Amino acid sequence: MTPSLSEPFSDSSVLIDFVINQGNGVKGLSEMGLKALPKQYIQPLEERMCMTNVQAQESIPIIDMSNPNDPEVEKSICEAASKWGFFQIVNHDVPVEVLENVKDATYKFFGLAAEVKNKYSKEHSLSNNVRFGTSFTPQAEKALEWKDYLSLFYVSEEEAFALWPSVCREQVLDYMRKSEVVIKQLLKVLMKGLNVNEIDETKESLLMGSMRTNLNYYPKCPNPELTVGVGRHSDVSTLTILLQDQIGGLFVRGNDGDNWIHVPPIKGSLVINVGDALQIMSNGKYKSVEHRVVANGSNNRISVPIFVNPRPSDMIGPLPELIENGEKPIYKQVLYSDYVKHFFRKAHDGKKTVAFAEL
């Protein structure tokens with residue numbers, strides 16, 4: 001049943017049924033041509049983006065990766081990870097057509113009928129590793145976020161071929177495979193910056209033992225200033241590799257606390273950010289920084305992040321090499337799956353998750 005347009009969603013159960021249970025998502029709301037944002041999406045004032053707090057003249061570093069072994073490039077990467085927690089890379093090894101293909105595949109997936117996408121919802125998906133959903137953690141949120149997503153946790157090519165939607169499977173796998181070269185380059189440089197000069201198999205699996213790719217869809221929104229695409233949070237990953245389209249809307253918290261910096265789309269670039277796991281493993285040298293996405297009143301927006309993570313069964317804490325060099329640990333050892341569960345149990349709340357690992 002499609003709700004009537006006169007007062008479509010005054011009843012929250014009708015909204016939840018339409019958006020979540022029937023699989024329409026916020027894309028379905030957007031396409032109804034609503035004149036006003038449903039009240040369930042209206043964020044409290046303190047969570048809305050105040051454009052007077054945007055530092056227009058500031059920019060996160062843009063790093064040319066055409067020669068990743070150049071000491072100057074290595075220095076730029078480590079400085080960006082320490083000071084900003086975010087940087088963009090250009091002239092990297094992921095071919096532009098691979099990026100274009102995965103963006104096209106994202107539009108194709110979200111263009112599927114609601115009942116087809118709904119096969120991948122929490123209630124209907126054949127596996128926890130494939131999940132179509134909306135907002136962040138709807139059951140824990142006071143106000144919902146204006147975003148739909150498909151989340152694909154990589155286990156093996158066999159599982160991907162069996163369970164991932166055919167409309168985007170090949171393109172996502174190709175994007176993940178081609179990005180692996182860049183991920184390894186970045187991790188090698190970042191470890192060298194901590195005086196960890198060898199990444200053996202154990203260390204590699206701790207840094208990048210599991211990967212998840214999300215296809216994010218932020219449809220056009222009525223009253224975008226009253227809601228958020230994604231609320232303030234930092235990622236729980238080691239690193240996040242983000243492909244964004246040309247629309248813009250990603251903001252990163254600046255170094256002076258109250259200000260936000262827009263991350264402008266650059267064709268062919270990838271946005272890299274440090275996640276909490278790397279902040280913990282680097283004993284605070286590399287910063288996992290808060291970021292958010294604003295809603296847009298005139299355009300649909302997509303983004304495709306790859307979350308590079310430890311394995312769920314890994315214990316994460318400051319790397320032993322740092323402690324052996326006499327650093328005092330500021331984080332304890334935590335089971336990575338416990339850390340991630342803590343993140344997903346609550347609404348987005350800025351940088352509070354990392355307190356879970358503090359000593």
Side-chain angles (χ1 to χ4, degrees), residues 77-87 128-129 136-137 140 151 153-156 180 183-214 232-241 253 272-291 305-359:
I77 291 169
C78 293
E79 278 181 1
S82 309
K83 183 182 175 197
W84 298 92
F86 265 82
F87 52 98
N128 272 339
N129 298 332
F136 176 62
T137 309
S151 185
F153 182 83
Y154 179 82
V155 173
S156 66
E180 206 166 303
I183 292 162
K184 285 181 174 170
Q185 285 169 345
L186 291 169
L187 287 172
K188 184 181 168 197
V189 170
L190 290 164
M191 287 301 106
K192 199 169 154 189
L194 300 173
N195 295 316
V196 176
N197 293 315
E198 197 205 336
I199 302 183
D200 58 15
E201 255 178 64
T202 311
K203 183 83 81 263
E204 184 174 290
S205 102
L206 178 65
L207 293 166
M208 54 179 292
S210 74
M211 287 195 205
R212 176 187 297 281
T213 300
N214 278 13
R232 301 174 301 112
H233 70 288
S234 61
D235 293 347
V236 291
S237 55
T238 303
L239 284 180
T240 303
I241 315 298
R253 195 182 274 290
I272 311 295
N273 66 281
V274 172
D276 291 357
L278 184 56
Q279 177 172 319
I280 291 165
M281 288 191 267
S282 71
N283 205 30
K285 174 165 183 189
Y286 298 137
K287 278 206 204 78
S288 169
V289 170
E290 225 178 306
H291 49 287
I306 299 175
F307 299 102
V308 179
N309 306 314
R311 291 171 308 186
S313 57
D314 283 326
M315 294 297 293
I316 61 165
L319 294 171
E321 291 89 340
L322 303 179
I323 306 311
E324 283 158 19
N325 284 345
E327 277 189 36
K328 190 171 181 298
I330 54 177
Y331 301 106
K332 60 189 176 197
Q333 297 283 329
V334 292
L335 181 66
Y336 187 62
S337 60
D338 286 348
Y339 190 84
V340 173
K341 277 182 200 139
H342 178 65
F343 176 66
F344 282 107
R345 203 177 286 136
K346 55 195 178 28
H348 279 140
D349 57 1
K351 280 283 293 175
K352 288 185 183 162
T353 312
V354 83
F356 184 76
E358 284 169 359
L359 279 170

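Residues take their numbers from the sequence shown, with the count starting at 1. On a predicted model such as this, the values are computed, not experimentally measured, just so you know.
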Which atom names give the shortest non-hydrogen contact between Leu359 and Pro329, and what distance separates them? CD1-O, 3.4 Å

Would you call Lys285 and Glu327 a salt bridge, using N to O less than 4.0 angstrom? no

Angle between ring planes, His342 versus Phe356, binned at 30° and 60°: parallel, tilted or perpendicular? parallel

Rounded to the nearest 0.5 Å, how far apart are CD of Glu290 and CZ of Arg232? 5.0 Å

Rounding to 0.5 Å, atoms CD (Glu198) and CD (Glu204) come to a distance of 11.5 Å

Under the criterion side chain to side chain contact (heavy atoms under 4.5 Å, CB included), I'd like the reasoning laid out for Leu190 against Val274: C-alpha separation, chi angles, the key distance, then a yes or no. CA-CA 10 Å; Leu190 290 164; Val274 172; 5.5 Å; no

4.5 Å side-chain heavy-atom contact, Glu321 and Met191: no

Residue pair Thr238 / Pro310: nearest heavy atoms and the distance that separates them: OG1-CD, 3.4 Å

Taking the side chain as every heavy atom from C-beta outward, state whether Trp84 and Val289 have any atom pair closer than 4.5 Å. no

Are there more than 12 heavy atoms of other residues, nucleotides or ligands under 6.0 Å from atom CG of Asn197? yes

Is the closest side-chain donor-acceptor distance between Asn309 and Ser237 under 3.5 Å? no

Donor-acceptor side-chain pairing of Asn273 and Asp235 below 3.5 angstrom: yes

Going through the distances and angles, do Leu319 and Leu206 end up as a side chain to side chain contact (heavy atoms under 4.5 Å, CB included)? CA-CA 10 Å; Leu319 294 171; Leu206 178 65; 4.1 Å; yes

All heavy atoms of Tyr336 vs all of Val236, minimum pair found to be OH-O, 2.7 Å

Does any part of the side chain of Ile280, heavy atoms only, come nearer than 4.5 Å to the side chain of Val354, both counted from C-beta? yes

Could you go step by step and tell me if Arg212 and Tyr154 meet the side chain to side chain contact (heavy atoms under 4.5 Å, CB included) rule? CA-CA 6 Å; Arg212 176 187 297 281; Tyr154 179 82; over 6 Å; no

Could you please spell out the steps behind the side chain to side chain contact (heavy atoms under 4.5 Å, CB included) verdict for Leu194 and Tyr286? CA-CA 9 Å; Leu194 300 173; Tyr286 298 137; 3.7 Å; yes

Minimum heavy-atom separation for Ser82 and Cys78, please, with both atom names. OG-O, 2.7 Å

Rounded to the nearest 0.5 Å, how far apart are CE of Met281 and CG of Leu207? 5.0 Å

Rounding to 0.5 Å, atoms NE2 (His291) and NE2 (His233) come to a distance of 3.5 Å

Return the CD1 to CG distance between Ile272 and Leu239, rounded to the nearest 0.5 Å. 7.0 Å

Counting C-beta onward and ignoring hydrogens, is there a side-chain heavy-atom pair between Glu180 and Met208 closer than 4.5 Å? yes

Check Ser234 against Asp276 and note the closest heavy-atom contact, atom names and distance. OG-OD1, 2.8 Å

Nearest-0.5 Å distance, CG of residue Leu278 to CG of residue Asn283: 11.5 Å

